[in-house]
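The model shown is predicted, which means the values in this text are computed figures rather than measured ones.
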Amino acid sequence: MTRISAIDGIHRRYLHDEVAERIRDLIRSGELEPNSRVNELELAERFGISRTPLREAIKILATEGLLELLPNRGARVAAVNEAEIDEMLEVIAGLEANAARLLAKRITDSEIADIAELHEVMLEAYEKRDEARYFTLNRQIHEAMLRAAKNATLAQLYAGLSSRIQRFRYAAHKTPAQWQRAIDEHEEMLRLMIERDGEKLAALMERHILGKKEPIAAQFGAMGPGRAT
């Protein structure tokens, strides 16, 4: 397969899809912040591509709600206000609860072992109070659970919503008590996965996700429900 000579080495085939995924990563990581303008020239140079596939990627992300198209002025990263975060967390909680019911029937021993390994490394990050590493591993565990549900439609819905609020969901600082509760819930998740108890795992996932509202509101809610975060 032909490769473009570029820093990020993007393949020509399905180029706009790959570019869209790279931009999603920049939004998820917070490198592209809400309300910030998308610098097409800079990104085209960074990815080593022309602006045509970049603009196609921008259109894809606009349909997903990650970017806003500005008439004759390019695009910017969509802002998310506190009320929208609350609403999306409610939907994500439902999606993860449904995924829990499905994975209880479909998850393999190998997938459980992989999640258990991620969990152990996450515990090490927690003990070291390495927040960046902890939140990365936390996200990887949730994504691994969604994959284990083996439902492409559910995964697609989840990915679209999760991308929009991932920075808020995983970067919101917790109090020591909230952090410990999250760890305890992850321990329980792993136990219920091993037992394949879908209903109890579903209920736990819903509580776990909705429990993120408080730390998110504490960090970002001060901007008010009617203002962009």
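In this view, Arg37 satisfies the side-chain hydrogen bond (donor to acceptor under 3.5 Å, both in side chains) rule with no residue, not counting sequence neighbours. Qualifying side-chain contact (heavy atoms from CB on, under 4.5 Å) partners for Arg106, counting only residues two or more places apart in sequence or in other chains: Leu102, Lys150, Asn151. Remark: Arg147 engages no residue in a salt bridge (charged side-chain N to carboxylate O under 4.0 Å, His left out) (not counting sequence neighbours). For Thr108, the side-chain hydrogen bond (donor to acceptor under 3.5 Å, both in side chains) partners are Glu111, not counting sequence neighbours. Contacts of His208 classified as ring-ring contact (aromatic ring centres under 6.0 Å, His included), with partners at least two apart in sequence or in another chain: His142, His186. Shown here are the salt bridge (charged side-chain N to carboxylate O under 4.0 Å, His left out) partners of Asp109, two or more places apart in sequence or in another chain: Arg196. Shown here are the side-chain hydrogen bond (donor to acceptor under 3.5 Å, both in side chains) partners of Asp17, two or more places apart in sequence or in another chain: there are none. Looking at residues two or more places apart in sequence or on another chain, you find a side-chain contact (heavy atoms from CB on, under 4.5 Å) between Leu69 and Ile58, Ala62, Ala75. For Glu90, the salt bridge (charged side-chain N to carboxylate O under 4.0 Å, His left out) partners two or more places apart in sequence, or in a different chain, are Lys213. The salt bridge (charged side-chain N to carboxylate O under 4.0 Å, His left out) check on Lys200 picks up nothing, with sequence neighbours excluded.
The side-chain heavy atoms of Met205 and Met145, taken from C-beta on, include a pair separated by under 4.5 Å. Using a 4.5 Å heavy-atom cutoff, the side chains of Asn98 and Leu154 are in contact. Taking the side chain as every heavy atom from C-beta outward, Ile60 and Glu56 never approach each other to under 4.5 Å. Using a 4.5 Å heavy-atom cutoff, the side chains of Leu66 and Ile23 are not in contact. Taking the side chain as every heavy atom from C-beta outward, Val77 and Glu33 never approach each other to under 4.5 Å. In this structure, the side chains of Leu123 and Glu120 come closer than 4.5 Å at one or more pairs of heavy atoms.
Heavy-atom minimum distance, Glu40 versus Leu54: O-CD2, 3.2 Å. The heavy-atom pair separating Leu201 from Ala100 by the smallest distance is CG-CB, 3.6 Å. For Ala182 against Tyr134, the heavy-atom pair with the smallest separation is CB-OH, 3.8 Å. Taking every heavy atom of both residues into account, Ala149 and Ala99 meet most closely at CB-O, 3.6 Å. The minimum heavy-atom distance between Ala97 and Ala202, with the atom names listed, is O-CB, 3.3 Å. Summarising the geometry of Pro53 relative to His16, their closest heavy-atom pair is O-CB, 3.7 Å, with the distance given to 0.1 Å.
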Exercise for the section: Applying salt bridge (charged side-chain N to carboxylate O under 4.0 Å, His left out), run through Arg139 and Glu143 and close with a yes or a no. Expected result: CA-CA 6 Å; Arg139 173 178 55 79; Glu143 290 174 350; 3.3 Å; yes
Exercise for the section: Report the C-alpha separation of Gln140 and Phe135 in whole Å, then their side-chain angles, then the decisive distance to 0.1 Å, and conclude whether the side-chain contact (heavy atoms from CB on, under 4.5 Å) test is met. Expected result: CA-CA 9 Å; Gln140 290 173 351; Phe135 288 123; over 6 Å; no
Practice task
List the steps, then state whether side-chain contact (heavy atoms from CB on, under 4.5 Å) holds for Val38 with Leu67.
Solution key: CA-CA 9 Å; Val38 176; Leu67 296 180; 3.9 Å; yes
Practice task
Take Leu43 and Leu26 through the test side-chain contact (heavy atoms from CB on, under 4.5 Å) and record every step on the way to the result.
Solution key: CA-CA 11 Å; Leu43 288 180; Leu26 296 179; 3.9 Å; yes
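Here the OH-CD distance, from Tyr158 to Glu96, works out to 4.0 Å after rounding to the nearest 0.5 Å. Taken from CD1 in Ile194 to CE in Met189, the straight-line distance is 13.5 Å, to the nearest 0.5 Å. The CE atom of Met88 lies 12.5 Å from the CG atom of Leu95; values are rounded to the nearest 0.5 Å. Here Gln178 contributes atom CD and Ile183 contributes atom CD1; the two are 13.5 Å apart, rounded to the nearest 0.5 Å.
More than 12 heavy atoms of other residues, nucleotides or ligands shown are found within 6.0 angstrom of CZ on Arg101.
Cation-pi geometry between Arg129 and Tyr126 is met: the NZ or CZ atom falls under 6.0 Å from the ring centre, inside 45° of the normal.
At distances below 3.5 Å, at least one donor-acceptor pair connects side-chain atoms of Thr136 with backbone N or O atoms of Ala132.
For residues 62-72, the side chain to side chain donor-acceptor pair (under 3.5 Å) pairs, not counting sequence neighbours, are Arg24-Glu64, Glu68-Arg76. Evaluation of the salt bridge (Lys or Arg N to Asp or Glu O under 4.0 Å) test over residues 177-188, restricted to residues two or more places apart or in two chains, returns Glu188-Arg191.
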